[in-house]
Amino acid sequence: MLLLENWSKSYHKRLVLDHLNIQVDTGNVLTIIGSSGSGKSTLLRTINFLEPADEGQITLQQQTLDVQTASHKEILELRRRTAMVFQNYALFSKKTALENVMENLVTVQKLNKQVARDKAMNYLEEVGMQDYYNRYPHRLSGGEQQRVGIARALAIEPEIILLDEPTSALDPEMVSGILDLIQSIAHKDTTMILVTHEMQFAKEVSDQIIFLSQGRILEQGSPQKIFLHPKEERTKAFLQSFNRNSHSPHK
């Protein structure tokens with residue numbers, strides 16, 4: 001279980017995350033939706049401590065940290081239990097697909113290189129990239145790079161995977177394959193928090209939806225509740241704009 005309490009973040013005195021309280025049960029998929037600038041990506045980055053929140057408590061299973069008093073060691077321990085998939089892939093350009101997946105296993109988990117290699121190859125196979133293990137990122141398409149990014153996240157066997165707009169940088173024909181891959185790894189032991197503009201996919205894959213507006217949770221509930229029976233006018237307007245501008249729906 002992941003629990004965020006009183007979770008807040010400001011930039012230059014502008015409150016970006018406003019005292020959020022969020023709970024995600026183990027193995028569930030929480031999808032965060034909302035307009036650009038609503039705080040979605042910032043929320044993911046603060047959970048992973050890529051950008052520390054200003055205040056609040058985070059509980060992951062039995063470990064609770066207060067962001068204002070957490071030690072560097074405690075933050076590292078929590079970060080090792082999470083993995084992030086970035087919208088721009090964030091692969092090491094001078095490392096092959098295999099080396100990208102191995103990197104964390106060797107440097108952070110201190111696995112023997114052969115063990116790390118075997119494990120990395122297993123996860124590359126899981127995402128359909130075993131035949132490309134020796135290629136550098138510049139020789140991979142966007143969809144292939146994102147598959148390597150997902151393999152890298154899975155390889156550390158995290159308790160939480162954070163996916164920040166994993167399809168937004170992809171050509172439309174690549175999107176469906178990545179969404180299918182994400183759906184195939186959802187609802188296992190790993191808790192998933194997803195930021196996406198793919199509304200049909202969010203409806204299919206999520207256990208819970210949060211609509212974020214100006215750093216606040218304006219509405220939350222099951223996909224059916226949010227997509228079919230939204231209460232807030234802003235939620236309705238947001239979803240209607242997507243229905244009008246629907247692009248690359250997930251079939």
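Please read all numbers here as calculations on a predicted model, not as lab measurements.
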- Around Asn112, counting heavy atoms of other residues, nucleotides and ligands shown, do more than 12 lie under 6.0 Å from its CG? yes
- Taking side chain as C-beta onward, heavy atoms only, is Met192 less than 4.5 Å from Ile185? yes
- So, Thr26 side chain and Met1 main chain: donor-acceptor pair closer than 3.5 Å or not? yes
- Message: Clusters formed by hydrophobic residues whose side-chain heavy atoms approach within less than 4.5 Å: which one holds Phe92, and what are its other members?
- Response: none
- So, are Arg80 and Glu77 salt-bridged, with charged N and O less than 4.0 Å apart? no
- Closest non-hydrogen contact found for Val85 with Gly149 is CG2-O, 4.1 Å
- Under a 4.5 Å cut-off applied to non-hydrogen side-chain atoms, are Leu98 and Leu124 in contact? yes
- Query: Has the side chain of Asp54 got a donor or acceptor atom that lies under 3.5 Å from a matching backbone atom of Ser10?
  - Reply: yes
- Task: Quick one: pull up CG in Leu162 and CG in Leu44 and give me the separation to the nearest 0.5 Å.
- Result: 5.5 Å
- Query: Atom CG in Asp25, atom CD in Gln208: separation rounded to 0.5 Å?
  - Reply: 8.0 Å
- Message: For a quick test of reading the model, state the closest non-hydrogen atom pair linking Asp18 to Ser8 and the distance between them.
- Response: C-OG, 4.1 Å
- Note on the structure: Quick note, salt bridge (Lys or Arg N to Asp or Glu O under 4.0 Å) partners involving residues 83-99, not counting sequence neighbours, are Lys95-Glu103
- To the nearest 0.5 Å, how far apart are OG1 in Thr42 and CG in Leu17? 5.5 Å
- Task: Check the pair His19 / Glu55 against side-chain contact (heavy atoms from CB on, under 4.5 Å), numbers first and verdict last.
- Result: CA-CA 8 Å; His19 299 88; Glu55 62 176 300; 3.6 Å; yes
- Query: When the ring planes of Phe238 and Phe211 are compared, do they come out parallel, tilted or perpendicular, using 30° and 60° as the limits?
  - Reply: tilted
- Query: If every non-hydrogen atom of Ala116 is compared with every non-hydrogen atom of Val106, which pair is closest and at what distance?
  - Reply: CB-CG2, 3.7 Å
- Is there side-chain contact between Glu159 and Thr191, with heavy atoms separated by less than 4.5 Å? no
- Query: Applying the 4.5 Å side-chain criterion to the ILVMFWY set and letting contacts propagate, would Met84 and Leu154 be lumped into a single cluster?
  - Reply: no
- Message: Distance check, rounded to the nearest 0.5 Å: Leu140 atom CG versus Gln146 atom CD?
- Response: 12.0 Å
- Take Asp207 and His187 through the side-chain contact (heavy atoms from CB on, under 4.5 Å) test and state the conclusion after the steps. CA-CA 9 Å; Asp207 298 288; His187 300 110; 2.9 Å; yes
- Among Asn6, Asp66, Thr64, Asn21, which one satisfies side-chain hydrogen bond (donor to acceptor under 3.5 Å, both in side chains) with Gln57? Asp66
- Pro223 and Ala202 have their tightest heavy-atom pair at CG-O, 4.4 Å
- Query: With a 4.5 Å heavy-atom cut-off, do Ser41 and Asp164 have their side chains touching?
  - Reply: yes
- Query: In this structure, are over 12 heavy atoms from other groups packed under 6.0 Å from Lys236 atom NZ?
  - Reply: yes
- Query: Between Gln63 (side chain) and Leu60 (backbone), is there a donor-acceptor pair under 3.5 Å?
  - Reply: no
Would you be so kind as to tabulate the donor-acceptor pairs closer than 3.5 Å made by side chains of residues 27-39, with sequence neighbours excluded?
unit_1: Thr31; atom_1: OG1; unit_2: Ser206; atom_2: OG; d: 2.5
unit_1: Ser38; atom_1: OG; unit_2: Ser35; atom_2: O; d: 2.7

- Query: Mind checking whether Leu2 and Ile193 have side chains closer than 4.5 Å, heavy atoms only?
  - Reply: yes
- Message: For a quick test of reading the model, state the closest non-hydrogen atom pair linking Leu20 to Gly215 and the distance between them.
- Response: CD2-O, 3.2 Å
- Note on the structure: Besides Val115, the hydrophobic cluster formed by Ile, Leu, Val, Met, Phe, Trp and Tyr side chains linked at under 4.5 Å, directly or via other members, contains Leu105, Leu111, Ile156
Using a 3.5 Å cut-off and no angle test, enumerate the donor-acceptor pairs between side-chain atoms of residues 166-174 and protein atoms at least two apart in sequence or in another chain.
unit_1: Ser168; atom_1: OG; unit_2: Gln87; atom_2: OE1; d: 2.9
unit_1: Ser168; atom_1: OG; unit_2: Glu165; atom_2: O; d: 3.3

- If Ile, Leu, Val, Met, Phe, Trp and Tyr residues are connected whenever their side-chain heavy atoms lie under 4.5 Å apart, and connections chain through other members, are Trp7 and Ile217 in the same group? yes
- Is it true that a side-chain atom of Asn48 and a backbone atom of Leu50 form a donor plus acceptor pair closer than 3.5 Å? no
- Message: Would Arg81 and Gln61 count as a side chain to side chain donor-acceptor pair (under 3.5 Å) here? Give the steps.
- Response: CA-CA 10 Å; Arg81 298 164 68 192; Gln61 309 303 7; over 6 Å; no
- How about Asp118 and Gln114: does a side-chain donor come under 3.5 Å of a side-chain acceptor? yes
- Heavy-atom check, side chain of Asn100 versus side chain of Pro137, under 4.5 Å: yes
- Item | Tyr123: ring-ring contact (aromatic ring centres under 6.0 Å, His included) partners, not counting sequence neighbours | none
- Item | Cluster link Ile161 to Val127, ILVMFWY, side chain under 4.5 Å | yes
- Query: If Ile, Leu, Val, Met, Phe, Trp and Tyr residues are connected whenever their side-chain heavy atoms lie under 4.5 Å apart, and connections chain through other members, are Met102 and Leu91 in the same group?
  - Reply: yes
- Does the side chain of Lys119 reach to within under 4.5 Å of the side chain of Gln109, using non-hydrogen atoms? yes
- Task: Would you give the length of the straight line joining atom CD of Glu219 to atom CD1 of Ile226, rounded to the nearest 0.5 angstrom?
- Result: 4.0 Å
- Assess whether atom CZ of Phe86 is packed by more than 12 heavy atoms of other residues, nucleotides or ligands within 6.0 Å. yes
- Nearest heavy-atom pair of Val67 and Ala53: which atoms, and what distance? CG2-O, 3.7 Å
- Message: Is the shortest side-chain heavy-atom distance between Met129 and Val101 below 4.5 Å?
- Response: no
- Does Met121 belong to the same Ile/Leu/Val/Met/Phe/Trp/Tyr cluster as Tyr132, with side-chain heavy atoms less than 4.5 Å apart forming each link? yes
- With no hydrogens and no angle check, is any side-chain donor or acceptor of Arg79 less than 3.5 Å from a backbone partner on Phe49? yes
- Nearest 0.5 Å, what's the CD-CG distance between Gln145 and Asn88? 9.5 Å
- Item | Test side-chain contact (heavy atoms from CB on, under 4.5 Å) applied to Ile209 and Phe227, step by step | CA-CA 9 Å; Ile209 305 275; Phe227 287 108; 3.7 Å; yes
